[in-house]
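Notes follow once the structure below has been shown.
Both counts, for ligands and for their atoms, begin at 1 and track the order of listing.
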Amino acid sequence: MHHQVALVATVAISFVLAAVFGYLADRLRLPALVGYLVAGIVIGPFTFGYAADSALASQLAEIGVILLMFGVGLHFSTSDLMAVRGVALPGAVFQIVLATLLGIGLCHLWGWKPEAGLVFGLSLSIASTVVLLKALGERNLIASANGRVAMGWLIVEDLAMVLALVLLPSIASLSGGGAASAAAHGPAAGGVWQVAIAIALTLVKVGGFALLAVALGPRLVPQLLTLVARTGSRELFTLTVLAIALGIAFGSAIVFGVSFALGAFFAGVVMSESHLSHRAAADSLPLQNAFSVLFFVSVGMLFDPSILIREPIAVVAVLALITCGKSLIALCLVLLLRYPLGMGLTVAAGLGQIGEFSFVLAGLGISLGILPQEGYDLILGGAILSIALNPLLFEIAEWAKKKIRSRWPSSMRLGATNLAALQQRLEVINARNEEREERQQLKKQQLVKTFPLFSGIDDHALDQLLLLFQPMSASPGDRIVRVGERGDAMYFVASGAVEVLLEKGTIRLEAGSFFGEMALLTGTPRTADVVAIDFCQLLRLDRRDFNIFMSHHPRLRAVVSDMARDRRQMNR
Ligand code: CMP
């Protein structure tokens, strides 16, 4: 393949094959993502025929992870995380510890070194956000209490992995690790201190980043979005959303050493504070979908199917650890924390897979010389198989829920009080979000009701108008517009009444009407005085905003121009 077009070829062929295999998978009643994985295997370097550029594909997949984590952040506020912390925090921490121990045990059986076991175990302990989000989304569970607990659980896991990624080099050098780690990170002397300092430094960095994101973000980001939304350009708005997501993800990775994914998650959280967040979410969704497909294709590409023949028993053991071991641990933890079985089953099914973070960890293990290549292949094998089997896990969970409900109905009541309390907390958050959404909706409805003139324009434009309008009040006698002056704004009467003072007499304008448009349309001085004759609420539209808005809405401009023409004729 010509080097210059490697990127184009990788993207094009990935999309084409993912579409074909995704469709075939659907026809076979399999989830589409199995098709995407197969597409990846087909164009991967380990199968015959064309091999796409796997390094490029994994970078594209990284963009997919960034966009997805950004989406998670947009829907998942810090208050959500606080609401589910009672179960998500201890659950995730204990699950990581137990699953890692199982991994270490498995490696011990194979005669690997303990540090290899540690990397291997950690890699198996963390689930993929991309897969979980897809699974929850397909089952309409993202907004449910169970879904939010699973997401919160995963975010805690992600945070723990950031720490693990930073600590691995120190641990490698502490244990004397492989040659690569010793060369790169110095001798083992003073190792414990080294690890302690690395932990402290990481915590300071991540804390600093979180603080900055929480302190500055909610002030800067919504303002920036509002500023751009006022231009009325959808393209510019979408671009800004993406620039913020990718910019924060990349910048935070460089400056604070946190992962791209975590940076993007915080970008989403920060943006969720803005009342324009629903538009940001809608705008970034198509890209999220496209790049998440590339994520699955690139996972497929990394997979060497020969491992299934070389090490069938090891693959089965790894797969059993991921799908059965981890799921059972999660289920038991949820029950021990006194939450219901239904939640335990959903969380267990959702987290019974591994993905992006596992590859990153395993890759680091290889480069530090503490994980054998075989371990990497097994992790990839485990990932692809567990991702493909994940839908089945959800079906088993659903089946088990039904069976248990019919056999032991009383068992479903276990943990009901905790669940009720959790649901109540989540409902408060929901209500707050809905209220914000409703308030905006109500404002738009009122706008259209008061000014039928706006009934033809779309929701997006109404949002923009609400941003552009500057509310102002006027008392009886206030002269709002002076004849002969330069026109700097147009006014809409929301309530009260004004009078236009013409030579021929006066004209009363009430709520729903507008004035000041003539000078803006023609560039000539004001044709009359306009005076408030009642207490008025007015919406002022600045000249610059008027020009931009009208240029995007020619039909509205025509209506206003017609009215201006009629008024001019009347005044002659
Ligand atoms: P403008 O010329 O910018 O400033 C004075 C405003 O008075 C003018 O725009 C119109 O909006 C309004 N106006 C002028 N003539 C009439 C009319 N005959 N009927 C209603 N409003 C008018």
Side-chain angles (χ1 to χ4, degrees), residues 226-233 440 442-572:
T226 309
L227 196 75
V228 176
R230 290 183 63 166
T231 64
S233 162
Q440 183 77 356
L442 206 69
K443 275 192 199 162
K444 283 189 268 186
Q445 280 169 8
Q446 260 169 0
L447 198 66
V448 175
K449 211 169 132 199
T450 321
F451 304 101
L453 167 82
F454 298 133
S455 55
I457 64 175
D458 65 14
D459 211 49
H460 172 90
L462 285 176
D463 268 332
Q464 195 197 349
L465 261 186
L466 285 176
L467 282 176
L468 298 177
F469 277 146
Q470 301 158 16
M472 58 176 269
S473 44
S475 308
D478 282 354
R479 196 168 301 259
I480 304 154
V481 159
R482 273 172 205 280
V483 64
E485 276 187 354
R486 181 175 176 272
D488 54 358
M490 174 179 178
Y491 301 84
F492 292 83
V493 185
S495 68
V498 297
E499 252 176 18
V500 182
L501 311 182
L502 297 161
E503 282 173 11
K504 293 181 183 168
T506 60
I507 291 178
R508 185 185 163 95
L509 298 178
E510 295 193 342
S513 46
F514 57 82
F515 60 90
E517 77 293 352
M518 289 162 82
L520 296 193
L521 285 169
T522 57
T524 49
R526 296 286 194 200
T527 53
D529 277 339
V530 182
V531 179
I533 52 167
D534 194 352
F535 291 99
C536 303
Q537 287 299 325
L538 303 170
L539 298 169
R540 183 178 188 276
L541 186 64
D542 204 64
R543 170 202 281 274
R544 190 176 153 269
D545 294 337
F546 169 89
N547 285 334
I548 295 173
F549 193 80
M550 291 301 174
S551 70
H552 287 133
H553 299 92
R555 278 194 20 221
L556 189 67
R557 187 188 178 94
V559 175
V560 175
S561 300
D562 285 352
M563 177 65 105
R565 197 192 50 225
D566 291 349
R567 287 175 172 174
R568 213 171 297 122
Q569 263 169 7
M570 191 177 155
N571 297 352
R572 272 198 198 120

Write out the residue and atom name of the closest protein heavy atom to [atom], then the distance separating them to 0.1 Å.
atom                    : value
atom 2 (O) of ligand 1  : T527 OG1, 2.7 Å
atom 6 (C) of ligand 1  : G516 N, 3.8 Å
atom 7 (O) of ligand 1  : V500 CG1, 3.6 Å
atom 20 (C) of ligand 1 : R567 NE, 3.2 Å
atom 3 (O) of ligand 1  : R526 NH1, 2.7 Å
atom 18 (N) of ligand 1 : N571 OD1, 2.8 Å
atom 8 (C) of ligand 1  : M518 SD, 3.6 Å
atom 19 (N) of ligand 1 : I507 CD1, 3.5 Å

(request) Return a yes/no value for A519: is any of its N or O atoms, backbone included, closer than 3.5 angstrom to an N or O of ligand 1? (result)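 By distance alone, the answer is yes.
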(message) For the CZ atom on R568, are there more than 12 heavy atoms of other groups (residues, nucleotides or ligands in this structure) within a distance under 6.0 Å?
(response)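 Counting other residues, nucleotides and ligands, CZ of R568 exceeds 12 neighbours.
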(message) Does any part of the side chain of V530, heavy atoms only, come nearer than 4.5 Å to the side chain of L501, both counted from C-beta?
(response)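 With C-beta onward as the side chain, the pair stays apart.
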(request) Please round to the nearest 0.5 Å and tell me the distance separating atom CD of Q537 and atom CZ of F492. (result)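 Output value for this atom pair is 15.5 Å.
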(request) With rounding to the nearest 0.5 Å, note down the distance linking CZ in F546 to CG in L521. (result)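 Result: 4.0 Å between the selected atoms.
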(message) I'd like to know if the side chain of K504 and the backbone of M570 have a donor-acceptor N/O pair within less than 3.5 Å.
(response)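 Looks like yes, one N/O pair under 3.5 Å.
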(message) Between R543 (side chain only) and G487 (backbone N and O only), is there a donor and an acceptor less than 3.5 Å apart?
(response)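 Yes, R543 side chain to G487 backbone: donor-acceptor pair under 3.5 Å.
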(message) So if I count the atoms of ligand 1 from 1 in the order they appear, which ones are less than 4.0 Å from some heavy atom of F515?
(response)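 Per the distance check, 11 (O).
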(message) Could you tell me, atom by atom, which parts of ligand 1 come under 4.0 Å of a heavy atom of V481?
(response)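 Going through ligand 1 atom by atom, the ones under 4.0 Å from V481 are 4 (O), 5 (C).
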Region of [X] that comes within reach of ligand 1 [heavy atoms, distance under 4.0 Å]:
X    : answer
E517 : both
V530 : side chain
L502 : side chain

(request) Inspect the contact between R526 and D488 and indicate whether a charged nitrogen and a carboxylate oxygen are less than 4.0 angstrom apart. (result)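 Yes, this pair counts.
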(request) Identify whether the distance between the nearest side-chain nitrogen and carboxylate oxygen of D545 and R540 falls below 4.0 Å. (result)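 Looking at D545 and R540, the cut-off is not met.
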(message) Looking at ligand 1, is there an atom of it that comes within less than 4.0 Å of some heavy atom belonging to A528?
(response)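 For ligand 1, residue contact (heavy atoms, under 4.0 Å) with A528 is present.
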(request) Check the angle between the aromatic planes of Y491 and F515 and answer parallel, tilted or perpendicular using the 30° and 60° thresholds. (result)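 The arrangement is parallel - the two ring planes meet at less than 30°.
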(request) Go through the side-chain N and O atoms of S233 and T231 and say whether any donor and acceptor fall under 3.5 Å apart. (result)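 On atom types as modelled, these side chains do not qualify, holding no pair under 3.5 Å.
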